[in-house]
Amino acid sequence: MYDPKAEYKWNDYWREHGMFAFNRDDEAKPLFVIDPPPPFTTGDLHMGQAYWVIYIDSIARYKRMKGFNVLYPVGWDTQGYPIEVMVEKKYGKGLPRADFYKRCTEMAEANISSMKAQMLMFGASFDPSLEYITMSEQYRRKVQLSMLEMYEKGFVYRAEHPVEWCPYCVSSISREEAEDKEEQTQLNYVNFALKDSGETIEIATTRPELLHACVAVAVNPSDDRYKALIGKKVEVPIYGREVKIIGDESVEKDFGTGAEMVCTFGDKQDILLYYKHKLQLINSLTEDGRLRNAGKYDGLTIKEAKKTVTERLKEMGVLKKQESLVHTIKVHDRCGTRSEFISAMQWFIKTKEHSERIKEQARQVSWIPEHAAQKLYDWSNFIEWDWNISRNRVFGTPIPFWYCEDCGAIIAPERSALPVDPALAKAPADKCPKCGSAKLKGETDTLDCWVDSSITPMVVAGWPDDMELYKRAYPTSMRIQGTDIIRTWAFYTIFRTWALTGNKPFETMLTHGMILDPVGKEMHKSWGNGISPNELAEKYSIDSVRLWTALSGGPGKDKPFSFEEIEHAKSFIVKLYNSALFVKNAMGDVKVPAEEPHTHFNIFDLWVLNRLNSVAGEATKAYDRLDLYGAMTAVTNFYWHEFCDHYIEAVKHRIYAEGNDGSKKAALFTLMHVLSSSLRMLAPVIPHAAEEINSMFSQESVFLEPFPAYAEKPNPADYIINGLVFKSSVVEMDYEDAGAIANDIVDDVRKAKASRKIALNKPITLININVPDAYYNTVLSAAKDIKEICKAGDVKIERSKDYSVSIQV
RNA sequence: GGGCCCGUAGUCGAGUGGUAAGACGUCCGCUUCACACGCGGGAGACCUGGAGUUCAAUUCUCCACGGGCCCACCA
């Protein structure tokens, strides 16, 4: 019985023998460079990550067997909010900055070590010397250098701009970090008094707490109710300020009263109107989400203010009614807090003006599946403003610049000074080069994590320290990543590498879908429907999980996990092992010829050898287009249902025969050849099982043997089979078809036995075979074997118009 | 409101301009000396619906319905 525990030892064996090392100086072999995702270091590798770890590892192993010099690194995305939260949970809030930072580092290191152990258990064959960690000094230097270069090229600027802001995290966030959430709220109808007349205008708002920042009332200019009022002034209740009524087509006549107040800033619409109509700016909120510029209400939280202000409006008699309303708001994806817009000084990278170029670069990449690129094009088409890269966090790469507090000029560091933390280090100049001011301030904000991870293809290729390698290794060969981060990781990588190198980051982009739970729902920690890859490995074996991954359908689509399917994967491995055991026992002490024993093959030998050739062709082509599903269906179906179910059964009578003649040797050669070739085709996906089984026959690793070659055309050689010269000189038929006929006859005899409820191994006296002329010689050459396989006393073959098989007991 | 993907037997899932792999499940038979995590056999799909292109469509085009994802809007 196959022992899955045997799988674990091979992980150590391969490492000890340095079999995954990238050979930087080997320029003879073609390079294959992989840009795998650096997982965020949560501490636990989940099913979706196990999926791509296995997928990319299988590709890497295949490429090595095909003679490539494979550069397969491993990376870790360590910095950012989730780690900070984990540290806060463990040590509480309020640690001094330096201590807090140190704890984050330790937490990330611990998490890396547990996740790496998981990756290694699944057989991930990365080269450990090619590891990068985003929080390391070396990696930071590269990130900061990339920022410096982008600054020199004019991509980086600092400006006051309304940004999406998380009051809980006290940091700006970017558009893709904001998620939609449905919320039940009140729509408040409030009367504003028109200046110099007794009239009022009724507006509808969900955000009365921002009344103090109201800078205009907007109506649709085609709205007959209000168009005469455009340009007139109204008074803001409570605060008494005067604001103008403006007209804008974006105002929906049918929503609320058709009139809305514009605050700085209640939502994105307000920002657009603010710019378009050049309105006044009233900063309405502090960075931690409290009212400011609201007179006596200053310091109230948003929630408190909503209640207080609403009550005040009620007292004043201007709150006409309240309606409940379900609407969608933006929340910060990492903490769930409603985001606000706050105007603040921030760092930006210019992306908006480059959207066409980004799409152009994306078109240079070959996308699998092709339509995945559409998500990137769609996202590029909707860039509204530049990429805000400032994050008010501790655990992140420092923004490597200083600025002049008087004129706002940016002061960049010397290259040799990187990595640098401007919050601690002195500026490289005493005075502002622009205005001469001595008030130079180091930036304390850190970079958005996507800034860190959007240069991975360059880093893995050797930039900026090994430019000799970089010249050969960039663009990288391929990236694999989930469809869920196309608009972030893929988008920013394609953009940044273009900005820095003018080139595309990778030749091929393989995007994969999500692994869902067995009923097709996303796995969520909070839903408790997660499936742990480690538990699966424990229960079914490592390679069962790997084989399931490959057999779970083409990438690019979401896939529900299935316990039934992983059972099947496990069964295949057991079958593989048992069949190998059969071959091992069959060989006994007989020395199997290394070369083809040309003269003693029968139809079944030639059939299975030629089928093997075709399958090797299918598998190679599938692997080459990174299609593990295609490769594994071809090989596993062939192995199980053709080799095991048919060939091994057809060969047993020769194996069990006394003596050691040519026919037996030919059979043993064929068994061994098909087994060994199949193992090598399976090895990239089920490396442990393949290695374990291979070790029954060989001292050498299966990965040191070449991937099976194949011929595009059917075997044209002639063979003498049972005294008949077969093939082109006798019949116009290739060996696959000839074998299929012989197999059909055996199947039909089995069926005849089954229908008469005769045990399959029970002897019969006679098989009558009627065959059309064209098949006569083929059947004749197979007759002797058919007789033995079916345990028949005799076989009679007759030429006939129609094919038929009958038996006599 | 916009975009993209998908709709194949009870389930999962390939695939092709000439009526469709494989797996699970199910039914029948078999402890055949590698394997009952097995072997042999059977049933089960008018490839969501409609229109069009074609000698021919599950495969191409359009529309509809259903499912999923993403984006925008939501005062």
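A quick note: this is a predicted structure, and the numbers were derived from the prediction, not measured. Residue numbers start from 1 in every chain, and the chains themselves are labelled A, B, ... in the order their sequence lines are given, proteins ahead of strands.
- Note: A/Phe491 and A/Trp379 have perpendicular aromatic rings, judged against thresholds of 30 and 60 degrees for the angle between ring planes.
- Side-chain proximity of A/Ser571 to B/C39, B/C37, B/C73: nearest is B/C37.
- We find that CD of A/Glu252 is positioned 18 Å from P of B/A72, with the value rounded to whole Å.
- Closest to the side chain of A/Gln374, out of B/C4, B/C35, B/G22, is B/C4.
- Between the CG atom in A/Leu510 and the CH2 atom in A/Trp367 there is a gap of 11.0 Å [rounded to 0.5 Å].
- The residue A/Leu187 sits close only to the backbone: its heavy atoms come under 4.0 Å of sugar-phosphate atoms, none of a base.
- A salt bridge links A/Lys359 with A/Glu356; the closest basic N to acidic carboxylate O contact falls under 4.0 Å.
- Among the protein residues, A/Cys263 comes within range of no part of the nucleic acid, since none of its heavy atoms lies under 4.0 Å from any strand.
- Which of B/G3, B/C74, B/C37 sits closest to the side chain of A/Asp378 comes down to B/G3.
- Residue contacts for A/Asn585: at a heavy-atom cut-off of 4.0 Å it reaches no nucleic acid atom on any strand shown.
- Contact of A/Thr328 with B/C74 (side chain to base): a donor-acceptor pair of N or O atoms is detected under 3.5 Å.
- Using a cutoff of 4.0 Å between basic side-chain nitrogens and carboxylate oxygens, A/Arg207 and A/Glu340 are scored as salt-bridged.
- The partner of B/G40 is B/C28, judged by Watson-Crick or G-U wobble contacts that both fall below 3.5 Å.
- A/Val251 comes within 4.0 angstrom of a base, heavy atoms only.
- Within the 4.0 Å cut-off from OP1 or OP2 of B/A34, at least one side-chain nitrogen or oxygen of A/Lys652 is found.
- Residue A/Lys557 places at least one side-chain N or O under 4.0 Å from the OP1 or OP2 atom of B/A14.
- For A/Tyr629 against B/A23, a side-chain-to-base donor-acceptor contact under 3.5 Å is absent.
- Using a 4.0 Å heavy-atom cutoff across all strands shown, A/Glu564 reaches sugar-phosphate atoms only and no base atom.
- Distance from the side chain of A/Trp640 is smallest to B/C39 among B/G41, B/A34, B/C39.
- Checking A/His641 against A/Asn637 by side-chain atom types alone, no donor-acceptor pair falls below 3.5 Å.
- Under 4.0 angstrom from either OP1 or OP2 of B/A72 there lies at least one side-chain N or O belonging to A/Lys330.
- Note: CG (A/Leu272) to C1' (B/C74) measures 14 Å, nearest angstrom.
- Interatomic distance, A/Leu376 CG to A/Thr483 OG1, rounded to the nearest 0.5 Å: 13.0 Å.
- Minimum atom distance to the side chain of A/His641 is reached by B/A23, of the listed B/A23, B/C37, B/C74.
- Contacts of A/Gly520 with the nucleic acid, taken as non-hydrogen atoms under 4.0 Å apart, are absent.
- Between A/Tyr377 atom OH and A/Asn381 atom CG the span is 10.5 Å, to the nearest 0.5 Å.
- Within the 4.0 angstrom heavy-atom criterion, only backbone atoms of the sugar-phosphate kind lie near A/Thr205; the bases stay farther away.
- The pair A/Glu183-A/Lys181 does not count as a salt bridge, with every side-chain nitrogen at least 4.0 angstrom from each carboxylate oxygen.
- Under the Watson-Crick and G-U wobble criteria, each requiring two contacts below 3.5 Å, nucleotide B/A23 is paired to B/U11.
- Looking at heavy-atom distances under 4.0 Å, A/Lys559 makes contact with sugar-phosphate atoms alone, never a base.
- Heavy atoms of A/Phe255 sit under 4.0 angstrom from at least one base atom.
- Note: CZ (A/Phe382) to C1' (B/C70) measures 11 Å, nearest angstrom.
- With distances taken from any side-chain atom of A/Asn578 to the nucleotides B/C12, B/A34, B/C24, the minimum falls on B/A34.
- Within 4.0 Å of A/Lys268, counting heavy atoms only, lie sugar-phosphate atoms of the nucleic acid but no base atom.
- Of the P atoms belonging to B/G50 and B/C70, the separation is 32 Å, rounded to the nearest Å.
- Residue contacts shown for A/Asp267 are limited to sugar-phosphate atoms, with no base heavy atom under 4.0 Å away.
- Base pairing analysis places B/G66 opposite B/C6; the two distances defining the Watson-Crick or G-U wobble pair are each below 3.5 Å.
- When each of B/C39, B/C33, B/G22 is scored by its nearest atom to the side-chain atoms of A/Lys575, the top-ranked nucleotide is B/C39.
- For A/Leu581, whose side chain is taken as the heavy atoms from C-beta onward, the closest listed nucleotide among B/C37, B/A34, B/C74 is B/A34.
- Among the protein residues, A/Tyr577 comes within range of no part of the nucleic acid, since none of its heavy atoms lies under 4.0 Å from any strand.
- Minimum atom distance to the side chain of A/Pro560 is reached by B/G13, of the listed B/C74, B/C73, B/G13.
- Among the atoms of the strands shown, none is found under 4.0 Å from any heavy atom of A/Asn381.
- Contacts of A/Gly553 with the nucleic acid, taken as non-hydrogen atoms under 4.0 Å apart, involve only primed sugar atoms and P, OP1 or OP2.
- Counting only heavy atoms from C-beta on, A/Asp180 has its side chain closest to B/C73 among B/G41, B/C35, B/C73.
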